[in-house]
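What follows is one structure encoded as structure tokens, with my remarks underneath.
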Amino acid sequence: MLQRKRPLVAGVLRRVLSDVFGIDHDPVVEVPPQRRLGDLASPCALHLARELRQAPRAIAERLVECLELPEGFERVTVEGPGYVNFHFARSRFAAVMIDAAPVVESGASDAPAKVIVEHTNINPNKAAHIGHLRNAVLGDVLARALRGLGHKTEVQNYIDDTGVQVADVVVGFLDLRDCSVADIEALPEPFDYVCWDLYSEVGRWYEGDPQRLELRRRTLHALEAGEGRRAEAGRLIARRIVARHLATMARIGVDYDLLTHESEILRLDFFVAAFEQLKETGAVRFEESGKNAGCWVMPLADSEEFQGLEDPDKVIVRSDGTVTYVGKDIAYQLWKFGLLGRDFEYAPFRDGPRRGSPLWKTGPAEPDAGDGGAERRPDFGRGARVINVIDARQAYLQRIVRAGLEALGHDGEARDSIHFAYEMVSLSAKTAERLGFSGDSQLEMSGRKGIGVKADDLLDQLEAKSRGEILERRAADGDGEAGEEVDLLARQIAVAALRFFMARATTTRVIAFDIDDATSFEGESGPYLQYSIVRARNIRRRLREEGLAQEVPGSRVATLPAGVWSDDLWDLVLCASQCQEVVERAAATLELSLIARHAVDLAQKFHAIYHRHPILHEQDADLRDARLAVTQVFERSLEALAEILGVPLPERM
RNA sequence: GCGCCUGUAGCUCAGCCGGAUAGAGCGGUGGAUUCCUAAUCCACAGGUCGGGGGUUCGAGUCCCUCCAGGCGCACCA
């Protein structure tokens, strides 16, 4: 809503600046820090003071005298050192807010263009930890924001089922523990927890005798070839772990459209196709001698962004003929844009929980599909924009992938290959110590070393804590039953706490994960948002019980006297009117914390108003309706933001 | 060595294109519950915005430099 008013104000100012002072100036329009100062303001008089050789306030006053008040505004004032401040006609603005959707489609102009978001991408060899949760929450919130803004969005989760990490667990089962494939199959859940321990155990086992690394190499080759007992074990492990990962993510409301498997990229020779292109265009060359003798490398020395590297060439194909990660990733990225000239085969995914829309995986179509093939397969790939949610440590590799597209002449697609980089999650000193790791400073998590907080453990802890809090409150109200409703509410609160914790952090900062901080239900937290909406809903429930109207129509709000809008009430309306531009800016800059912070902002304003402005017991009808209108606007706005954040909103707490 | 990121209250962090008195949460202190449930609210205390230069009418924000910390720069992913 507010985003539509800014150009109005800018236009009026530009016109009057031209008319009165004869200058061409593009005025900045911002929101003043306090509501009593106005709703939209421009510091243009300050900017122009030098050029016009006049005091800023004098310029501002002249502007106010001469300008034509734009539609929807009540007055213009000069404030502070010389700001020109515009004040909305509050009742009319609020009336529009009552009927307007807080977040609407704005990407409609490029509606057919699809955005592919890749996230989660956990190696299928161990349990997910809290670092993976940051990735998944960021990816999921981004996808929700893009969808909310009307972009066609496809979410992919890349499964590296043929890499060293899976190979190590295969070695762990087959060589270290002497299991058969059937033994692995028979292991009880939680299988991912078993692998978590085994994986770090294998790491230590290798250290005990470096000769054992030969087993890793042999297994890796078997996984890539896809044949034999080791490959069979690898497939089984990956399948079981992926099922666990999807179950963990389903707990917090994260889902996907497609699981892309590295094994399929190998099986279908995606890299062969990409390699042909790379050779044809001269993007790679064969090294006859030197450090990289026998390898195919991509030269980076000519590119400005790769200056100062120790080695200006990136190996794409090793001297033993195998392909590096970057090579495979270039092929995969080409496929995402529909530039590879090949496609996957697809099959419905049947090994795990499935939510709203059906989940698909890459792989041979299963002929024995028992459900009559009712599901129609979407058209995967061929994105116009590709956003890869990958931690900041991989920035260099992501740049090489983009350079690969550039080298092939796909400049546009290279520009639209976006690395959504975020910093990792480490453990706070206090939390590391509590978990038994030496805790003199922050500690980086490491799956390889078995250092970390497992995602499901954290969720269990959050659920247990919220259940405790609920029961405590219910007992205090003499309302002690603990049924399914309590379970559901405990889960909702846990999800809100976790998702908000991950979403509120700026992406460029390392999160020092502190267990007390993460499980806090007070202040800036997911439950704080939930509680604010519960209060709004309680007001409506009470109104219904009293037989009073639960909603006030926009037509009524438009006729309210201006005096009902105290600055604090009005401030919430204006804050709510910024949801659209906040979500747009968050999606455009990939700074999703903006959404979380705006949601807190709204909730804080509402909580404060709640105490100062009762509705049920207000006798003055105008005042009551204004307050109810604000409650309505608040509720819809926070609901819209919570939907994007994936924070569930319960009816009561 | 080169590159990227970070340094703001005791702790965790906001601070949009340079602009109005640098803001939250936690923790601390003191208050608010016959009221739409206190998972809330209000008040108070707490700041050399890492240091130093520069640009500007104006710098937490831009430029330079130094200091401190993190992360990258593989025929690992």
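Just so it is clear, the structure is predicted and the values come from calculations on it, not from any experiment. Chain identifiers are assigned alphabetically (A, B, ...) following the order of the sequence lines, protein sequences preceding nucleic acid strands; residue numbering begins at 1 within each chain.
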Check nucleotides 6-8 of chain B for protein N or O atoms closer than 3.5 Å to its own N or O atoms and list the pairs.
residue: B:G7; atom: OP1; partner: A:Arg509; partner atom: NH1; Å: 3.2

Taken to the nearest whole Å, CZ/A:Phe606 to P/B:C36 is 14 Å
Tell me, with the steps shown, if A:Glu545 and A:Arg541 meet salt bridge (charged side-chain N to carboxylate O under 4.0 Å, His left out).
CA-CA 6 Å; A:Glu545 286 167 9; A:Arg541 199 187 62 242; 3.6 Å; yes
Can you tell me how far C1' of B:C11 sits from CG of A:Asp516, to the nearest Å?
12 Å
Is there a donor in the side chain of A:His613 and an acceptor in the side chain of A:Asp568, or the other way round, less than 3.5 Å apart?
yes
Can you say whether a donor on the side chain of A:Asp313 sits under 3.5 Å from an acceptor on the base of B:A74, or the other way round?
no
Which nucleotide in the set B:C5, B:C13, B:C17 lies at the smallest distance from any side-chain heavy atom of A:Arg597?
B:C13
Can we call the ring centroids of A:His607 and A:Tyr528 under 6.0 Å apart?
yes
For A:Val600 and for A:Ala512, locate the closest nucleotide of RNA chain B by heavy-atom distance; then report the residue assigned to the nucleotide nearer the 5' terminus.
A:Ala512
What does A:Arg217 touch in the nucleic acid at a heavy-atom separation under 4.0 angstrom: a base, only the sugar-phosphate, or nothing?
nothing
Euclidean distance for P, B:C16 against B:A32 (whole angstrom)
39 Å
With heavy atoms under 4.0 Å as the rule, sort A:Val315 into base, sugar-phosphate or nothing.
sugar-phosphate
Under 4.0 Å, heavy atoms only, any strand: does A:Asn538 hit a base, just the sugar-phosphate, or nothing?
base
Looking across every strand, which nucleic acid part, if any, lies under 4.0 Å from A:Pro56 by heavy atom: base, sugar-phosphate, or nothing?
nothing
Residues passing the side chain to side chain contact (heavy atoms under 4.5 Å, CB included) test with A:Leu628, sequence neighbours excluded, are A:Leu543, A:Val552, A:Gln632
Residue mapping more 5' on RNA chain B - nearest nucleotide basis, A:Val29 or A:Val323
A:Val29
Table please: side-chain donor-acceptor pairs of residues 577-591 of chain A below 3.5 Å, with sequence neighbours left out.
residue: A:Ser577; atom: OG; partner: A:Leu574; partner atom: O; Å: 2.6
residue: A:Gln578; atom: NE2; partner: A:Leu574; partner atom: O; Å: 3.3
residue: A:Gln580; atom: OE1; partner: A:Val104; partner atom: N; Å: 2.6
residue: A:Gln580; atom: NE2; partner: A:Val104; partner atom: O; Å: 3.0
residue: A:Gln580; atom: NE2; partner: A:Glu584; partner atom: OE2; Å: 2.8
residue: A:Glu581; atom: OE1; partner: A:Arg6; partner atom: NE; Å: 3.2
residue: A:Glu581; atom: OE2; partner: A:Arg6; partner atom: NE; Å: 3.4
residue: A:Glu581; atom: OE2; partner: A:Arg6; partner atom: NH2; Å: 2.8
residue: A:Glu584; atom: OE2; partner: A:Ser106; partner atom: OG; Å: 3.1
residue: A:Thr589; atom: OG1; partner: A:Arg585; partner atom: O; Å: 2.7
residue: A:Thr589; atom: OG1; partner: A:Glu591; partner atom: N; Å: 3.3
residue: A:Glu591; atom: OE1; partner: A:Thr507; partner atom: OG1; Å: 3.3
residue: A:Glu591; atom: OE2; partner: A:Ser593; partner atom: OG; Å: 2.8

Could you list the residues that satisfy side chain to side chain contact (heavy atoms under 4.5 Å, CB included) with A:Ala608, not counting sequence neighbours?
A:Arg612
Over all strands shown, is A:Asp391 touching base, sugar-phosphate only, or nothing at heavy-atom distances under 4.0 angstrom?
nothing
Is there any salt bridge (Lys or Arg N to Asp or Glu O under 4.0 Å) pair reaching into residues 30-45 of chain A, and which pairs are they, with sequence neighbours excluded?
A:Arg35-A:Asp571
Determine whether A:Arg399 and A:His419 make a side-chain contact, defined as any pair of heavy atoms from C-beta on separated by less than 4.5 Å.
no
Expressed as a whole number of angstroms, how long is the span from A:Leu220:CG to B:C75:C1'?
13 Å
In whole angstroms, how far is the P atom of B:C2 from the OH atom of A:Tyr396?
17 Å
With syn meaning chi within 90° of zero and anything else anti, the base of B:C26 is anti
Determine which bases of RNA chain B form Watson-Crick or G-U wobble pairs with both distances under 3.5 Å, and write the result as a 5' to 3' dot-bracket string with | for other-strand partners.
(((((((..((((.....[...)))).(((((.......))))).....(((((..]....))))))))))))....
Pairwise P distance for B:U29 and B:A22, with rounding to whole Å
27 Å
Would you indicate whether the side-chain heavy atoms of A:Leu427 and A:Asp514 approach each other to under 4.5 Å?
no
By nearest atom, which of the nucleotides B:C16, B:A20, B:A77 is closest to the A:Arg585 side chain?
B:C16
Set of side chain to side chain contact (heavy atoms under 4.5 Å, CB included) partners for A:Ser42, sequence neighbours left out
A:Leu13, A:Pro27, A:Cys44
Nearest-angstrom distance from the residue atom CZ of A:Arg35 to C1' of B:U21:
16 Å
Contact class for A:Ala41 (heavy atom, under 4.0 Å): base, sugar-phosphate, or nothing?
base
Contact class for A:His419 vs. all strands (heavy atom < 4.0 Å): base, sugar-phosphate, or nothing?
nothing
Spacing of A:Arg216 atom CZ and A:Leu213 atom CG [to the nearest 0.5 Å]
5.5 Å
I need the CD1-P distance between A:Ile539 and B:C35, as an integer number of Å.
15 Å
Heavy atoms only, 4.0 Å cut-off, all strands: where does A:Ala167 land among base, sugar-phosphate and nothing?
nothing
Salt bridge (Lys or Arg N to Asp or Glu O under 4.0 Å) partners of A:Arg134, counting only residues at least two apart:
none
With A:Lys328 via side chain to side chain contact (heavy atoms under 4.5 Å, CB included) - residues at least two apart:
A:Glu224, A:Glu262, A:Leu266, A:Val323
For the pair A:Phe275 and A:Phe271, name the ring-plane relationship: parallel under 30°, tilted 30 to 60°, perpendicular over 60°.
parallel
When you measure from the centre of the six-membered ring of A:Phe634, is the NZ or CZ of A:Lys605 under 6.0 Å away and within 45° of the axis?
no
In whole angstroms, how far is the P atom of B:C5 from the CD atom of A:Glu423?
10 Å
Cationic tip of A:Arg212 above A:Tyr206 ring, under 6.0 Å, 45° of axis
no
Using the ring pair (Phe, Tyr, Trp, His ring centres under 6.0 Å) criterion, which residues pair with A:Tyr325? Sequence neighbours excluded.
none
What string of B, S and - do you get for nucleotides 39-44 of chain B 5' to 3' if you count protein non-hydrogen atoms under 4.0 Å?
BBSS--
Taking any heavy-atom pair under 4.0 Å as a contact, classify A:Leu543: base, sugar-phosphate, or nothing.
nothing
Using the 3.5 Å cut-off, write out each protein N or O paired with an N or O of nucleotides 55-58 of chain B and the distance between them.
residue: B:C57; atom: OP1; partner: A:Arg50; partner atom: NH1; Å: 2.0

Inter-nucleotide C1' distance (B:G53, B:C26), Å rounded:
37 Å
Between B:A38 and B:A20 - C1' atom distance, rounded Å:
35 Å
Within this structure, what is the CZ-to-C1' distance between A:Phe286 and B:C75, rounded to whole angstrom?
12 Å
With a 4.0 Å cut-off on heavy atoms, is A:Gln34 in touch with a base, just the backbone sugar-phosphate, or nothing at all?
base
Can you tell me which nucleotide in B:C36, B:A20, B:C75 comes closest to the side chain of A:Lys291?
B:C75
